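This is a predicted model, so every value here is computed, not measured. Just so you know, these numbers use all the heavy atoms, side chains as well, and skip hydrogens, waters and symmetry mates. Chain naming here is simple, since letters A, B, ... match the order of the sequence lines and numbering starts at 1 in each.
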Amino acid sequence: MKYATTIDGKEYIVEIIDERHVSVDGKVIEVDFESIEEQPVFSLIVDGKSYESYVYRTEEDLEVLVKGRLYHAQVEDERERRLRAASGGAVAQSGPFQLKAPMPGLVVAVPVSEGQEVKEGDVLLILESMKMQNELKSPRDGVVGRIHVGAGDSVEQRQKMLSVE
Amino acid sequence: MKYATTIDGKEYIVEIIDERHVSVDGKVIEVDFESIEEQPVFSLIVDGKSYESYVYRTEEDLEVLVKGRLYHAQVEDERERRLRAASGGAVAQSGPFQLKAPMPGLVVAVPVSEGQEVKEGDVLLILESMKMQNELKSPRDGVVGRIHVGAGDSVEQRQKMLSVE
Amino acid sequence: MFNKVLIANRGEIAVRILRACRELGLKTVAVYSEADRQAMHVRYATEAYLLGPAPSNESYLKGDKIIEIALQSGAGAIHPGYGFLAERADFAQAVEDAGLEFIGPKPSAIAAMGDKAIARETMMKAGVSVVPGTEGTGNLSDEELLKLAPEIGFPLLIKATAGGGGKGMREVKSLDEMPVALQSARREAKAAFGDDNVYLEKLILGARHIEVQIVADKHGNVVHLNERECSLQRRHQKLLEESPSPIMDEELRAKMGEVAVQAAKAVHYESAGTIECLVDSDKNFYFLEMNTRLQVEHPITELVTGVDIVKEQIRIARGRKLSFTQADVKINGAAIECRVNAEDPYNNFMPSTGKISHMVLPTGPGIRVDTGVYAGFEITPYYDSMISKLIVWGETRAQAILRMRRALEEYKIVGVRTNIPFHQAMMDSHRFMGGQFDTRFVEEEFSLEEIAEGKETFPEVAAIIAALVTHDQTERAAHVVRRGDRDTSNWKWLSRWERLSK
Amino acid sequence: MFNKVLIANRGEIAVRILRACRELGLKTVAVYSEADRQAMHVRYATEAYLLGPAPSNESYLKGDKIIEIALQSGAGAIHPGYGFLAERADFAQAVEDAGLEFIGPKPSAIAAMGDKAIARETMMKAGVSVVPGTEGTGNLSDEELLKLAPEIGFPLLIKATAGGGGKGMREVKSLDEMPVALQSARREAKAAFGDDNVYLEKLILGARHIEVQIVADKHGNVVHLNERECSLQRRHQKLLEESPSPIMDEELRAKMGEVAVQAAKAVHYESAGTIECLVDSDKNFYFLEMNTRLQVEHPITELVTGVDIVKEQIRIARGRKLSFTQADVKINGAAIECRVNAEDPYNNFMPSTGKISHMVLPTGPGIRVDTGVYAGFEITPYYDSMISKLIVWGETRAQAILRMRRALEEYKIVGVRTNIPFHQAMMDSHRFMGGQFDTRFVEEEFSLEEIAEGKETFPEVAAIIAALVTHDQTERAAHVVRRGDRDTSNWKWLSRWERLSK
């Protein structure tokens, strides 16, 4: 199976040949890969070098932590890739941005109002959690859509709070 | 539900009244009992006193470790108890004793032979494991039955090695 | 004399104090909120009593209930730890009135040092320099503060009168910014301390935050245990401390130590306390505040002096004289503490909650971990994000840094994000290694990305791992569908993975 | 000078050495058997290479292969740890011949001290007392030994010439017992060392086992780091060590230290080594053997002297002079080490194998854990049962004992049985607290049951827990049947429980 793996913008074609071999951009490499006890912790030995890695799955990508550095990885298998190519290449990147609560907490303030124009980096909402006030910012320019919460509201993790269109 | 719980020979009648109450020999006690994260580790708060306990299940009984001391517990519910009473009280305690390997290892020596009389405490077999030679002794007087292994054999955990009848 | 102690706190500091009590042969009483039934301090204490629901003001801040529990359980003393009720003179007074020993200073000392304005006045009277500001002028209105600000000069800081830990603090560069900053500082102060009074203080640029630890017994003996360097902060929260400070020399240490001892004597101080100062680039030092309690970062002092500060607090509370004099206090090697917070350093240090599914602690020579969490414990949003402290000792500062590097690499916490990568980058920072930093370094000059630049990277390794993980998951998922869910191990793996990946 | 080190070992000592290398900025090479792919030393090293199948003689004892890996990976030095190849002069020689540095003494010193008979002769020539026995008389037959036995007198010990760690050792009370004892000692010696030669030694009653740590550089400087008390043994395996020894006085310490330094000089010793002695009740001491390697119990010396023995070994191998003199060596407080073995103290210390499903390490002030295992790691029957070492430091011996008590109570290992309850009982033993014990104490006078007597028991609490656990399991099982296996958490709980309970 071949996987197109993009690490921080650069693409690598990784083919899984068998349990002990992969190829990266056509170069065959012997690998010794172990998952450590039901955890997202992996041990990889390549060419004698020992790497330990954590892998986190987020909504957008896989985050791979190796030797204290975090790599953002997108992995597509061949079939997904063909489908995407057939559909014209571009994945739908637009649509409204939904601001969800990254953790349970208390809404301290919503310094924007519905219909207001915002720029990337503008503070949309202040959420208090773990005794800290956290400023949640807009990831892009746009117009504030529906606001579902107000100052003083308690929110659950992942609860939709507002959108930017 | 009532349980007849025998701790190191002494019997306690423990009734589970509800989530927060039990009675021990008729005396009602408020309990706060928590299982710690899928582990056989339990936290019990009774009357403000905090007890942490490990519970191991062996073939014969439950072993309960509390404050550095191990208690051997047999627990029977009412139904089991009635059944046992109806069947005449005594559970079948006889039958041959099967010596099983307590861990994987190498049989170093079998200093007894089939048909030999042995006393409680006599060495039946020497098993090497973890770089140690472990003497496995007879738990009672009897006669050695079938011997399934010989010096030099590797054995798996729980493998039957010999019996005493 | 008491032989049972109630610990009015949670988390790592509750565990730290429980341990000290154990090692002195004292019985212990824990108190806990509904969110903390499975917490280490509850499991670990001789006795444990429920306070109430998770929010602090319904549990750990309920002083009356805590005193009641102490009395009912027969505890003779209460140790407040830090935070919560630790610096509340009224609580200390209530404890005393109930006939219990408060393991800390007298209420009068807490009160004198607790109001920042009064504290600064006290210090100035004792001949100690303070940072220019509106100290000693009482509770001023916004109008008054706006009038006084230009006299102090910009940049300046708005600080909460009742404050601590950076809460209710705002930095202001010009008069224009002041009205908005005053409003938000007051709001935060109100929320955090129930008191919205603020004062102004000149911001000293290039300053280091250095504090002196003191211990004082009930017999008038006061000894200082040298300094701690605490300049590495983010949003006025300390992240990493070390002792000794790399900028310290014997002369300055003696001078600051002497002032700290004077300050403690000025308020008839008892127990352990800390005098916080700013030191400018010319090594002038200014009093900031006195913390009338045990400090988060006390372990680094313990490692270099050999004094167990918590045990010393308990001994003092039991009426014992200090067992050492100033001449006995030496500095042996160097110690560093990294505060491990449940925060994502790759996402603006956003707090992270969830269950710790797996944890490997760094161990071996020269490592100390003070923690209140374990694998299986749930990090809730109700309390502070600090989940543990990693403290190392080395023969020299360089050895301590190298040891901290290996300890951070060993420390594995899965289930919540932590700021461990931040500390790793700090240990690789040339500015940190050279000891050249001030209180603004973390926020203004430090970047995880920059430190990573020029270091060897492993994008190919990351690509291989990402592909293998994806492949394995796909295969396992297919496998499960084919075989049904009889195949326990795979099923479990997948289910756990899915939970973790959410 | 080398900057990459191969560690020819596994388990906690491999991790210990890896850590020291890291902290000196050296790269590391791990080697491992098929059973150890997931071991900490493999995950932790810069590089890792497979040696072969699980049995030691197909993996960790393959000296040639290890040297080959060192050469191929560019490692400039090999650290052998303890056990395995650590005291094999031929291996040390082969390492040297390959142009690599052996982090340990010269082959000649290992050879001189490795054969117990030659070692005793060497020591007698240097004027050191040895225990009466058949030393220096070469390899004797059973017949010859039976003849010599009455001259030495009973009780006596049969010991393996090539031995160590109690293997091939037998105690004999009379001539009648000797033939059987000789046979089993030779069999065990053959199995353990490939050499069935044995010798006889008078058994000194009431003796303490006390050893002196020395370090020597390549420039003729030898310094001793005081003694360790190692009398608490079972089947001649040390279980618990402390430093300093409770019976030591300054005069005896100076005398034994001087002898240890002389012994090291007599064989031109380099690196770290240990002189083991018996001390009788009149404080006469007799040389037993020299261990020409790092010792399991080295950490207690590190905690009281501040010297990092492993780093010192590496520095010495790099040609550096000792950075301290005898006068610099002080004793600071007291340290105790408990060896944590996967053994069931309630079942005749039977080894226990299996997967560690859950682990909570003791942490906080004064605690050090040297370990090679983690939650999820499988304990196999192929190697030693020692899975970790718990080491504590205290201002005084009493403080260290109290601290060890709380550390043992905190240490949770689930999945395999451990001897932690044994150590807990030892910390409660009045004989131990009083420092009144000899090498036979554990086997002949100590009992878990006796220590427990008179202490508060909690049978009712145990009964409640046993009933609640049984009730929960029954309920959960019923629940699962009723609801089907959609209910993940209960299902998982049960499945895990069943696995653990097997």
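The choice from D/D308, D/T363, D/V310 that makes the most heavy-atom pairs within less than 4.5 Å of chain C is D/T363. Of the residues considered (D/D370, D/V360, D/I367), D/D370 shows the highest number of contacts with chain C, using heavy-atom pairs under 4.5 Å. Of all the listed residues (C/E302, C/M40, C/R43, C/E410), the one sharing the greatest number of non-hydrogen pairs under 4.5 Å with chain D is C/E410.
C/Y411 is linked by a ring pair (Phe, Tyr, Trp, His ring centres under 6.0 Å) to nothing, counting only residues two or more places apart in sequence or in another chain.
Neither the backbone nor the side chain of C/P299 comes within contact range of chain D; no heavy atoms are under 4.5 Å apart. Looking at C/K389, neither its backbone nor its side chain comes within 4.5 Å of chain D, counting heavy atoms on both sides.
Other residues, nucleotides and ligands contribute at most 12 non-hydrogen atoms within 6.0 Å of the NZ atom of D/K27.
Proximity to chain D at a heavy-atom threshold of 4.5 Å picks out C/R16, C/R19, C/R22 from residues 11-22 of chain C, in numerical order.
Between D/E23 and C/I401, every side-chain heavy-atom pair lies at or beyond the 4.5 Å cut-off.
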